[in-house]
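Here is the structure we will look at.
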Amino acid sequence: MSMAREVGKYHQTVKLRNGVLHLFANAEVLASLDRKVYKMADNNLRIPRNHFMSYTPDAHVSSGACVGTTAVWKMSDGFVSPSIVGSDIGCGIRVHLTPLHKRDLQDKKVRRKLIKRIEKYVPTKRIASPFRNIELERVVKEGIYGLPAEYLPERGDVSAVRSVTHLEHARFAYDMAALEILPERIWKQTGRELGTLGGGNHFIEIQHVRVDEGQRKIAEKWGLFDGQVVVMIHSGSRAWGRMLRSEYTNRIKDAMEMWGIGTRDPRLIYVPIHAEEGRWYLNLMYSALNYAVANRHMIAFGVRAAFQEVFGTDLEMPVLYDLMHNYALEETHRGQSMLVHRKGTTRALPAGHELNPEPYRATGHPALIPGSMGTASYIMVGAKSGEKNFYSICHGAGRIYARDAVREHVSVDAFAHSMNVGTEEEVVVNRWTLEHILTECPQAYKDVDQIIDSVVGAGLASVVAVCRPMAVVKGT
DNA sequence: ATGTTC
C-alpha cells in the first residue's frame, strides 16, 4: 500500500506483489478502506495473465474476491473466476417509472396499503411464486422470452415491446448442453420460485425523484420528473444460482487440483476460459443471468398489479432499465475481445457507446445505484472517461460491518431513528419490527453520498437523479 | 446471497 500512486485525485494505482490494482475513491473513502481488501486483490492477481483489476469505492471483503471488483482477462488466453462473479449470479437492479407524484403517497396509510398489496403478489416469506404456469426450463434457456406472453404487459409483438428492449439483456444465448449434466433435483427444487424476492439485501423500494439540474435534458428523455414516484427492485437468481454454485465449485476445484493450480485462499476458484470447465461455467452462468432478469421481471409484474389495485388499472409503469452487478460479460474494448468480471460493480456506458441497447444509444443507459435502506439511491449515466475502469462504477453503498457483526455495533433504536419512525416522513417497512432486518440498516453501510462523490469525481459517471425512499418491502 | 451456512 506504500506504493500507491495518484493518477488523479480520485484514482490511485497500487503496486502489489502480484500486480497493479486500480482504486477509485475520494480521500475520505480511501482512508477508511479495510486493509484486507488489498490482500484480497493481491491474491486475485495471482491468477495468470490478468489484464486489469480495480476496486470501486464501495469495495469490501467477500468470499474469494471483494465486492466492488472489476477484473478483466482477454478472451483469447484468459481466465474466468466464478469467485469474481459472486455467488448470486445475475443479481441486479430494475427501476420502473410511475406517473404518480410523491404527494399521492404523502399519507402513511397509503404507503402501508401499497406494500401490503405488493406482498400479495410478490412472496417475501415463502418461496412459492403465485405465477404457476411459468416453465423453469424455458426461462433459463430464453430469459424474458421464455415467459408466457400474459406476463409481458405490452402484449403483441414481443420483439417490439419495452419489456425486452429497455434492459441490459433480455436473453443470453449459450450452449444449453451445459444444463444436461445438472442433477435432476436442481430442476425440482427451484421450479416454483420465479417472481419471489429473496432475503438479505434484496428489496422493493418506493422512492421519489429529484432530477439533477445538470442532467435535466437526459432525465426528460428518460421520462423522469421532479417529485415522481418510482419503484426500485433488487434481486437475483435465487436458488437456481445457489444450486449451480455447488455443482461448478466442486467441478472447478477438482480441475484445479488436477492441474496443480490455486492460491492461498481456497475460496478463490478460477479456470481458463477455453478449458472445458471454463466454457461449462460460462454457459451455466448465462442460464442464471436469464433466470435473474426474468425473476426481476416477474417481481415487477407483481408490483404493477399491486399499484393498479390501489391507483386504477390505467396506471402505466414502464421499466426504465434492468441491469446486473454480478456477472462476467464478453465485451470488446479497444478492438480486443475481453471477459469483464463485475462482482458488485455496475456497467455505466456513456452516450454513443455501441454496447448500449438501442433506446439508450444516444444518451447512454441509466445506471441504477441503490443506497442502503433509508438513504438515497441514484440514477446515473456513464461518462466517456469511464473507459479507464472498463465502464464499471459502484453497485451501492458497500458494507462496513459483515452481516453477523452488525448487532454488536448498531441498536434497533438507532435504526428506527434513521428510518424516521414515528413521523409523517417515516420510511414504511413491511416487517412488524426492524429487529428482523437490522443487518440491512444504513449504519451497516458506508455513506452512499461519499461513494457517489468518488465515482463522479473520478469521472466514471454523473448523477441524473437522486431517489429518496418512501416505503420498503424486505424478504426474510 | 441461499429451499437460510462454503
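Quick note on labels: first sequence line is chain A, next is B, and so on, each numbered from 1. Side-chain atoms are counted along with the backbone in the values below, which use heavy atoms only and exclude waters and symmetry mates.
- As a whole-Å value, the separation of A/I89 CD1 from B/dC6 C1' is 15 Å.
- A residue-by-residue look at A/S63 and A/G200 shows that A/G200 has its nearest nucleotide of DNA chain B further toward the 5' end.
- A/R267 places its CZ atom 17 Å from the P atom of B/dT5, with the value rounded to the nearest Å.
- Distance CZ (A/R238) to P (B/dT4): 12 Å, rounded to an integer number of Å.
- Remark: A/A239, A/R242, A/R245 in residues 239-259 of chain A come within less than 4.0 Å of DNA chain B through at least one heavy atom.
- Distance CG (A/L194) to P (B/dT2): 13 Å, rounded to an integer number of Å.
- Every residue was checked against the salt bridge (Lys or Arg N to Asp or Glu O under 4.0 Å) condition with A/E205, not counting sequence neighbours, and none meets it.
- Scored by the salt bridge (Lys or Arg N to Asp or Glu O under 4.0 Å) test, A/K120 finds A/E309 as partners (sequence neighbours excluded).
- Nucleotide B/dT2 holds its C1' atom 14 Å from the CZ atom of A/R185, rounded to whole Å.
- Contacts of A/R347 classified as salt bridge (Lys or Arg N to Asp or Glu O under 4.0 Å), with partners at least two apart in sequence or in another chain: A/E168, A/E331.
- Taking the six-membered ring for Trp and thresholds of 30 and 60 degrees, A/H325 and A/H395 have ring planes more than 60 degrees apart, a perpendicular arrangement.
- Within the nucleic acid shown, A/G198 comes within 4.0 Å of sugar-phosphate atoms alone, with no base atom in reach, counting heavy atoms only.
- Every residue two or more places apart in sequence or in another chain that forms a side chain to side chain donor-acceptor pair (under 3.5 Å) with A/S372 is listed here: A/T375.
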Using a 3.5 Å cut-off and no angle test, enumerate the donor-acceptor pairs between side-chain atoms of residues 135-143 of chain A and protein atoms at least two apart in sequence or in another chain.
residue	atom	partner	partner atom	Å
A/E137	OE2	A/K141	NZ	2.7

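- The distance between atom NZ of A/K125 and atom P of B/dT4, rounded to the nearest whole Å, is 19 Å.
- When the C1' atom of B/dT4 is taken as reference, atom NE2 of A/H436 falls 14 Å away, rounded to whole Å.
- Put simply, NE2 on A/H202 is 13 Å from C1' on B/dT4, counting in whole angstrom units.
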